[in-house]
Amino acid sequence: MALRNEKSILADLNPEQREAACYFDGPLLILAGAGSGKTRVLTHRVALLVQSRGVDPGRILAITFTNKAAEEMRGRIHRLVGPRAGAIWISTFHSACSRILRREAERLGYRRNFVIYDDDDQLRLVGRVIRDLDLDVKRYPPRMIRALIERAKNEMVDADAYRDRVVDDFTEVVHAVYQGYQRQLLRNNAMDFDDLLLNTIAVLELYPAVLEHYRRLFSHINVDEYQDTNPAQYRLVKLLSEEHRNLCVVGDDDQGIYSWRGADLRNILEFERDYPDARVVRLERNYRSTRTILEAANYVVSRISGRREKRLWTEREDGEPIRYYFAPGGEDEAAFVSLEINRLMKEEGYGHRDFAIFYRTNAQSRPFEEVLLRHAIPYKIVGGFKFYERKEVKDVLAYLKLLVNPEDSVSLRRVINEPKRGIGDTTLAHLEAFARSRGISLWEAVNTAGEVPNLGGSARARLEEFATLIDGLTEEVERLSPPELLRATLERSGYLDALRRQETFEAEGRLENLEELNRAVVEFHSTHPGEGLDAFLEKVSLVAEIDLYDEEEGAVTLMTLHNAKGLEFPVVFIVGMEDGVFPHLRCMDSPESMEEERRLFYVGMTRAKDRLYLTGAATRSQYGERKYNPESRFISDIPESCLFRLPSRLPGAPSLDVRAKAWEEEADPGSPALRAGDRVFHDVFGEGMVLSVSRGRGGMEVAVNFPGVGEKLLLLKYASLRKLDG
DNA sequence: CTAGTTTGCCTTTTT
DNA sequence: GGCAAACTAG
């Protein structure tokens with residue numbers, strides 16, 4: 001591939017984009033509307049810095065919102081400037097901080113092999129601390145306290161400073177838990193997500209030499225999705241860029257959808273107040289959507305107060321009107337979407353990958369999965385049941401974390417009796433009391449089990465056995481590669497055996513997930529040879545759901561509106577357009593959160609290139625009961641001239657296939673209607689023979705052998721199976 | 001100590 | 001309707 005010179009790089013850009021890409025000295029704000037080519041500007045800007053300005057690639061910092069965006073940007077810059085792209089710091093805030101902290105964390109009392117706690121670990125630890133303080137978890141719910149701690153951290157209020165926020169008994173408790181929580185983190189040599197930012201800031205603020213080092217290192221700083229930065233990120237950027245002021249931020253206040261995570265729109269709205277001499281460039285030309293979609297989107301967002309006035313325009317045609325279908329029920333809504341996908345594929349030549357279904361909450365995906373499965377339309381879900389949050393995956397990762405960092409008591413507690421090895425709550429309680437009284441870590445307590453009072457002989461023996469297991473594996477950490485370590489852990493811990501022995505479908509599924517984890521480790525090892533287990537764990541800790549998304553796959557994509565940011569699809573369905581669903585019930589009481597919902601709607605709409613569908617349902621089952629929701633208020637925000645309302649009773653629409661449902665009910669009590677040996681027909685796999693029928697977690701499960709396809713495990717609830725006679 | 005059952009909780013979005 | 005803590009029985 002030929003590298004590009006300055007002239008040819010500039011040729012890719014329109015005048016505004018060029019202005020933004022070429023402004024190198026001093027603060028720059030790029031207000032980039034949806035689909036205005038912001039990534040292009042950013043990549044070209046960085047390419048120019050390297051290519052024509054001769055800036056050392058290692059001194060450019062580019063912050064993206066997700067790892068996926070980072071990889072993509074690196075790829076695009078690589079195409080422009082070649083392998084030098086490899087040296088640029090392109091990453092999320094969290095990855096960049098983690099990289100810095102691997103070098104600097106020792107100054108804060110951490111060791112460099114610290115582990116990163118996800119929110120499940122976080123919750124466990126908060127709960128632990130609450131219980132350790134002899135508080136009632138009913139009166140002080142860990143989730144709530146964690147939320148308050150999180151918010152404080154977003155606003156850079158540390159555990160000590162929280163004292164100023166204490167106004168009553170409850171905040172008093174929060175303060176105490178916050179302090180205990182931070183102490184535990186330090187003792188466990190662990191950081192949560194927010195700590196990655198806060199500790200980086202702390203290191204920079206406490207050590208002038210360190211600050212100086214990174215200020216010199218990063219001569220040019222670029223931040224994407226600036227509207228979604230929180231006060232801590234703002235501070236960090238400011239610290240690093242204050243001196244040379246070569247700071248370029250890109251964003252769109254209309255797409256700010258993370259205020260619940262602490263993001264503060266003022267960062268982008270008041271950029272010029274921080275940098276009065278800032279250059280501001282607006283990108284308003286949209287290269288993605290039809291005029292109709294843009295007009296509607298402009299209108300939806302125009303009603304938001306205090307925004308920066310922008311008006312997207314395009315040279316594209318009007319295109320199709322936005323189609324709106326308010327179905328009688330949730331199943332009809334899903335059936336409509338599926339039928340429409342089929343129709344567009346047949347009549348308009350779209351492929352599976354051209355379609356996306358967006359919803360407000362992950363829980364809404366079910367009916368769509370069901371109907372797509374039944375119609376044999378391939379689909380994939382981004383998010384939802386998250387791979388790295390599944391029990392078995394987390395269990396095994398906890399083992400690995402423990403090998404890297406034995407101080408990690410959260411992981412230790414997780415695996416000490418998993419699989420069951422006779423170390424129960426009582427034993428654990430004794431260990432804990434001992435650890436606390438001696439001021440040693442839980443792991444040290446396990447290792448000195450002989451001295452722990454009140455322990456029975458068998459408990460001691462089991463603890464010793466466990467300690468030997470972990471010690472043995474720890475010794476291998478230096479010797480074995482990550483894939484080998486995973487294997488050894490799975491085998492020697494007995495985790496694999498325990499699952500194999502169960503011989504249930506559930507265990508089967510878990511084994512498959514572990515196989516998947518194994519693939520991930522193997523892949524990591526081949527792309528990062530020489531990197532150790534710690535590097536793998538770090539990568540895993542910082543993945544976002546969207547990072548796992550692969551657009552090349554030929555499948556319909558289902559995801560939340562939040563995950564949709566930054567993507568585009570020829571055909572988009574935004575489903576669940578009902579008051580209480582979208583906008584979400586929890587956002588109804590404050591005008592600010594309602595505005596955020598509206599921005600979220602805007603984000604969803606502007607993902608569509610050619611066709612946009614909005615659907616809702618008059619009634620659906622929510623939380624297990626029947627709910628009746630009115631049409632979403634956002635529908636009335638769309639100009640009627642852009643909207644085509646479909647009749648809610650579609651002529652010729654098939655009633656849903658209720659066969660599977662009926663079968664499940666029939667199969668439930670005692671005598672299954674479907675038995676081993678029955679011949680069945682499946683829409684996708686064809687004819688097959690039932691091997692077994694059993695009750696699993698998600699309902700009745702059927703194992704079927706399809707000749708030529710192999711054995712398939714199907715959830716009767718979702719499967720479209722017909723029983724064949726004879 | 002474990003396994004099985006009941007109760008009682010919570011249901012937004014995620015680096 | 002789903003999940004985890006809490007309780008109960010072996």
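A, B, ... follow the sequence lines: proteins, then strands. Residue 1 opens every chain. Note that the structure is a prediction, hence the values are computed from the model and not measured. Heavy-atom basis, side chains included; hydrogens, waters and symmetry copies ignored.
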Span that lies between the C1' atom of dA4(C) and that of dT13(B), in whole angstrom
23 Å
Ignoring backbone atoms, establish whether N67(A) has a side-chain N or O less than 4.0 Å from OP1 or OP2 of dT15(B).
no
Tell whether H562(A) reaches the base of dT13(B) with its side chain through a donor-acceptor pair below 3.5 angstrom.
yes
Nearest-Å distance, CG (N417(A)) to P (dA3(B))?
9 Å
Please check the phosphate of dT14(B) (OP1 and OP2 only) for any side-chain N or O of N362(A) closer than 4.0 Å.
yes
Please determine if a side-chain N or O atom of T560(A) lies less than 4.0 Å away from the OP1 or OP2 oxygen of dT14(B).
yes
For L123(A) and dC3(C), what is the distance between atoms CG and P respectively, to the nearest whole Å?
16 Å
Mark this stacking check for F65(A) against dT15(B) as yes or no, applying ring centres under 5.5 Å and ring planes under 30°.
no
Do the side chains of D228(A) and K565(A) get close enough for a salt bridge, i.e. N-O under 4.0 angstrom?
yes
Heavy-atom nearest nucleotide on DNA chain B taken for F193(A) and for R421(A); more 5' hit belongs to R421(A)
Starting from P on dG1(C), measure out to CD on Q364(A) and report it in whole angstrom.
17 Å
Tell me whether the side-chain N/O atoms of T66(A) come closer than 4.0 Å to OP1 or OP2 in dT15(B).
no
Apply side chain to side chain contact (heavy atoms under 4.5 Å, CB included) to E578(A) and E631(A), showing your working.
CA-CA 5 Å; E578(A) 295 138 52; E631(A) 158 179 310; over 6 Å; no
What distance do Q184(A) atom CD and R128(A) atom CZ have between them, rounded to the nearest 0.5 Å?
9.0 Å
If you compare every side-chain N and O of R360(A) against the phosphate oxygens of dT13(B) (OP1, OP2), does one of them come in below 4.0 Å?
no
Any donor-acceptor pair under 3.5 Å between the side chain of W260(A) and the base of dT12(B)?
no
Minimum-distance nucleotide (side-chain atoms of N563(A) versus dC1(B), dT15(B), dT11(B)):
dT15(B)
Would you verify whether the NZ or CZ of R102(A) falls within 45 degrees of the ring axis of F114(A) while also being under 6.0 Å from that six-membered ring's centre?
yes
